[in-house]
2 protein chains.
Amino acid sequence: MAGKSTAAKHRAQNGAARSKRDSILDAATRVFLDCGYGDASMDAVAREAGVAKQTIYSYFDGKDALFEAIVRDKCDRLLEPIGMPEARGNDPETALARTARRFLDVVLAPEGMALFRTLVAECGRFPNLAEAFYRSGPLLAAANLADYLAELDGKGILKVDDPLRAARLFFALLRGDLYIRRLLDLDSEPDPADVERAVADAVRVFLAAHARR
Amino acid sequence: MAGKSTAAKHRAQNGAARSKRDSILDAATRVFLDCGYGDASMDAVAREAGVAKQTIYSYFDGKDALFEAIVRDKCDRLLEPIGMPEARGNDPETALARTARRFLDVVLAPEGMALFRTLVAECGRFPNLAEAFYRSGPLLAAANLADYLAELDGKGILKVDDPLRAARLFFALLRGDLYIRRLLDLDSEPDPADVERAVADAVRVFLAAHARR
DNA sequence: GTCTATATACGGATAGAC
DNA sequence: GTCTATCCGTATATAGAC
C-alpha cells in the first residue's frame with residue numbers, strides 16, 4: 001500500500017468515497033428542500049451530513065453548484081415514474097385513472113411539493129433548473145399521455161383532435177384546486193379521499209369532452 | 001404654529017405623511033416581489049423609497065411586519081376584480097369566457113405571478129398570509145362562479161350537481177399548462193393568443209361536461 | 001481529504017444628533 | 001420624524017494543521 005498516491009487511494013476507497021459524497025448530497029437535499037435556497041446554510045448541510053464544511057467544498061464548487069446537483073438528482077429520481085409510458089391494455093377510463101393516480105402520488109407528495117416550491121422560488125436565479133424540471137416532469141407526462149390519446153383517437157374510441165393539448169388539459173384538471181392548496185401549504189398532507197375525488201372528476205370531465213358523438 | 005406637539009404636526013402633515021408611508025409601501029412592494037423576502041434588504045427598500053432606513057422602522061415594526069403589510073395590500077388591490085360577482089345577463093358561453101379572461105388577466109400578469117411566487121416561497125414562514133390570499137383569490141372566485149352555476153342549473157340550462165366543485169374545475173382547466181410555465185418563469189409574458197386558446201378550451205370542455213343531456 | 005479556526009462581507013436593528 | 005453611524009449575528013468561503 002505504501003507509496004500510493006492520494007488519487008489512487010481515492011480510487012481504492014471509491015465505494016466509501018462515493019457513499020460520503022452521497023451522504024452530503026442527501027443531507028443537502030433535506031436542508032435545501034426544507035429551508036429553501038436562501039435560508040439553507042452550508043453549516044447546516046455539514047452538520048446534517050456529519051462532515052466538516054470544508055469537505056463539502058472539496059466535492060462541490062460552492063453553494064450554487066451543490067444546489068444544482070441536488071435539484072437535478074431529485075428531478076431524475078422523483079419524476080422517473082412520471083416519465084414511464086402508459087400501459088395501454090385497458091379501457092380508457094381505467095388507463096386514465098391509473099395515469100392520474102401515478103401523477104398525483106408524485107406531485108402532491110411532500111417531496112414533490114418541496115421540489116416544486118423551491119424551483120418556483122429560485123426560478124429567477126436558476127432558470128435552467130426550472131426548464132429541466134418542466135421538461136422531465138409536466139412536459140414528459142403530457143407527451144406520454146398524448147401518445148396514448150392519439151392511439152385512442154386512431155382506433156375511434158375517443159375524439160382527440162390535438163393530443164398534446166388534450167393531455168395538458170387532463171393534467172390541469174387533475175391538479176385542480178388541490179394543487180393550489182398544496183402549493184400554499186394549506187393542507188399538510190394530501191387527503192386520499194380528495195385525491196380519489198380529483199381523479200374521478202378529471203376522468204369524468206375529460207371523457208365527456210372527448211366522447212365520440 | 002408654535003407649541004404644537006409632534007403628534008399635532010403629524011396630523012397637520014397628514015397628507016404628506018401618508019404619501020411618505022405610501023412611498024415606502026410602494027418601494028417595499030417592488031423590492032419584495034422582485035427579490036423575494038430573503039433577498040430583499042431593508043437597505044434596498046430605503047434606497048428605493050428615498051428615505052433613511054430608520055424612517056422605515058418608525059412606520060413599521062420590522063421586516064416581517066413590512067412584508068405582511070405589502071402582501072395584504074397587494075392582495076386587496078390586485079384580487080379585487082376577481083372578487084366581483086358574475087354578470088348574469090348573457091348566455092353561459094359568453095359569461096364563462098368573460099369570467100375566464102378577467103381571471104387570467106389578473107393571475108397571469110407579472111404582478112399576479114410575482115405575488116403568488118412570493119407567497120409560495122414564504123408560506124412556511126407566513127402561513128396566515130397564504131391563507132388570506134387563497135380566501136380572497138381562488139376561493140372567492142370559485143364561490144362567485146358557483147353562485148352563477150347554481151342559477152344555471154336551477155334554470156335547467158346546465159347540469160351542475162356540485163356548483164363549487166364544478167367552479168374549481170373550471171378554474172383548474174383555465175390555468176392549464178400556462179400557469180405552470182408562468183410559475184417557473186419559462187414565459188416572460190403571457191401570449192394573448194395562448195390566453196384566448198386557454199379560455200376557449202376551458203369553456204368548451206366545461207360546457208361539454210355539464211351539458212343537459 | 002478532513003478537521004479547526006478565521007477572513008470578509010452583509011443585513012437587521014438600534015443609538016444619538018438635529 | 002428623520003438622518004448618519006454603528007452594533008451584532010450570521011453566512012460563504014478560505015487558510016493551515018494533520
Side-chain angles (χ1 to χ4, degrees), chain A residues 1-25 27-28 31-32 34-70 122 125-126, chain B residues 1-25 27-28 30-32 34-70 121-122 125-126:
Chain A
M1 300 276 184
K4 258 188 182 171
S5 70
T6 43
K9 275 186 209 163
H10 189 253
R11 273 194 299 277
Q13 295 168 353
N14 209 7
R18 208 185 148 62
S19 88
K20 176 162 264 192
R21 187 182 191 278
D22 280 357
S23 78
I24 293 176
L25 220 66
V31 174
F32 275 121
D34 212 54
C35 312
Y37 179 83
D39 287 342
S41 74
M42 298 295 266
D43 290 279
V45 174
R47 218 179 311 124
E48 189 82 8
V51 300
K53 191 164 51 167
Q54 184 74 9
T55 307
I56 303 176
Y57 282 93
S58 74
Y59 283 99
F60 301 94
D61 280 344
K63 193 179 179 181
D64 286 19
L66 180 58
F67 182 68
E68 286 207 24
I70 72 107
E122 301 303 328
R125 209 192 306 253
F126 301 96
Chain B
M1 298 279 186
K4 258 189 182 170
S5 71
T6 44
K9 276 187 212 162
H10 188 252
R11 272 194 300 276
Q13 296 168 350
N14 210 6
R18 208 184 148 65
S19 88
K20 175 164 264 192
R21 187 182 190 275
D22 280 357
S23 77
I24 292 176
L25 220 65
R30 283 193 298 275
V31 173
F32 275 122
D34 211 54
C35 312
Y37 179 82
D39 288 341
S41 73
M42 298 295 268
D43 290 278
V45 174
R47 218 179 310 127
E48 189 83 9
V51 300
K53 192 162 56 165
Q54 185 75 0
T55 307
I56 303 176
Y57 282 93
S58 73
Y59 284 97
F60 301 94
D61 280 343
K63 193 179 180 181
D64 286 19
L66 180 57
F67 182 69
E68 285 207 26
I70 73 107
E122 301 303 328
R125 208 192 306 253
F126 301 96

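Here is the naming used below: chain letters follow the sequence lines, and residue numbers restart at 1 for every chain.
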| task | Could you tell me how the ring of B:Phe126 sits relative to the ring of B:Phe67: parallel (under 30°), tilted (30 to 60°) or perpendicular (over 60°)? | result | tilted
Between CG of B:Asp39 and P of D:dT10 the distance, given in whole Å, is 19 Å
Check whether any side-chain nitrogen or oxygen of A:Lys20 sits under 4.0 Å from OP1 or OP2 of C:dT2, and answer yes or no.
-> yes
Short side-chain N/O contact to D:dG1 OP1/OP2 from B:Tyr57, under 4.0 Å = no
Atom CD1 of A:Ile56 and atom P of C:dT4 are separated, to the nearest Å, by 13 Å
Considering only heavy side-chain atoms of B:Lys63, the closest of D:dC3, D:dA13, C:dG12 is C:dG12
Here the distance between atom P of D:dT14 and atom CE of A:Met42, to the nearest Å, is 10 Å
Closest heavy-atom pair, B:Ala49 versus B:Ser23, reported as atoms and distance to 0.1 Å, is CB-O, 3.9 Å
note: A:Arg21, atom CZ; C:dT2, atom P; distance rounded to Å ~ 12 Å
Just checking B:Ala44: base, sugar-phosphate only, or nothing, at a heavy-atom cut-off of under 4.0 Å?
nothing
Checking C:dC3, C:dT2, C:dA13 against the side chain of A:Gln54 (C-beta onward), the nearest is C:dC3
*Base C:dG12 paired with B:Lys53 side chain (donor-acceptor, <3.5 Å)*: yes
B:Phe60 CZ to C:dT14 C1', in whole Å, measures 19 Å
Taken to the nearest whole Å, CG/A:Asp43 to P/D:dG9 is 16 Å
Below 4.0 Å: OP1/OP2 of D:dC3 and any side-chain N or O of B:Thr55: yes
The nucleotide from C:dC3, D:dT2, C:dG12 with an atom nearest the side chain of B:Tyr59 is D:dT2
Check your understanding: Under 6.0 Å from the six-membered ring centre of A:Phe32 and within 45° of its axis: does the NZ or CZ of A:Lys63 meet both?
Key -> no
Note: A:Ala69 and A:Phe60 closest approach over all heavy atoms is CB-CE2, 3.9 Å
When every non-hydrogen atom of B:Val31 is compared with those of B:Ala40, the smallest separation belongs to CG1-CB, 3.6 Å
Rounded to whole Å, the CG-P distance (A:Leu66 to D:dA11) equals 16 Å
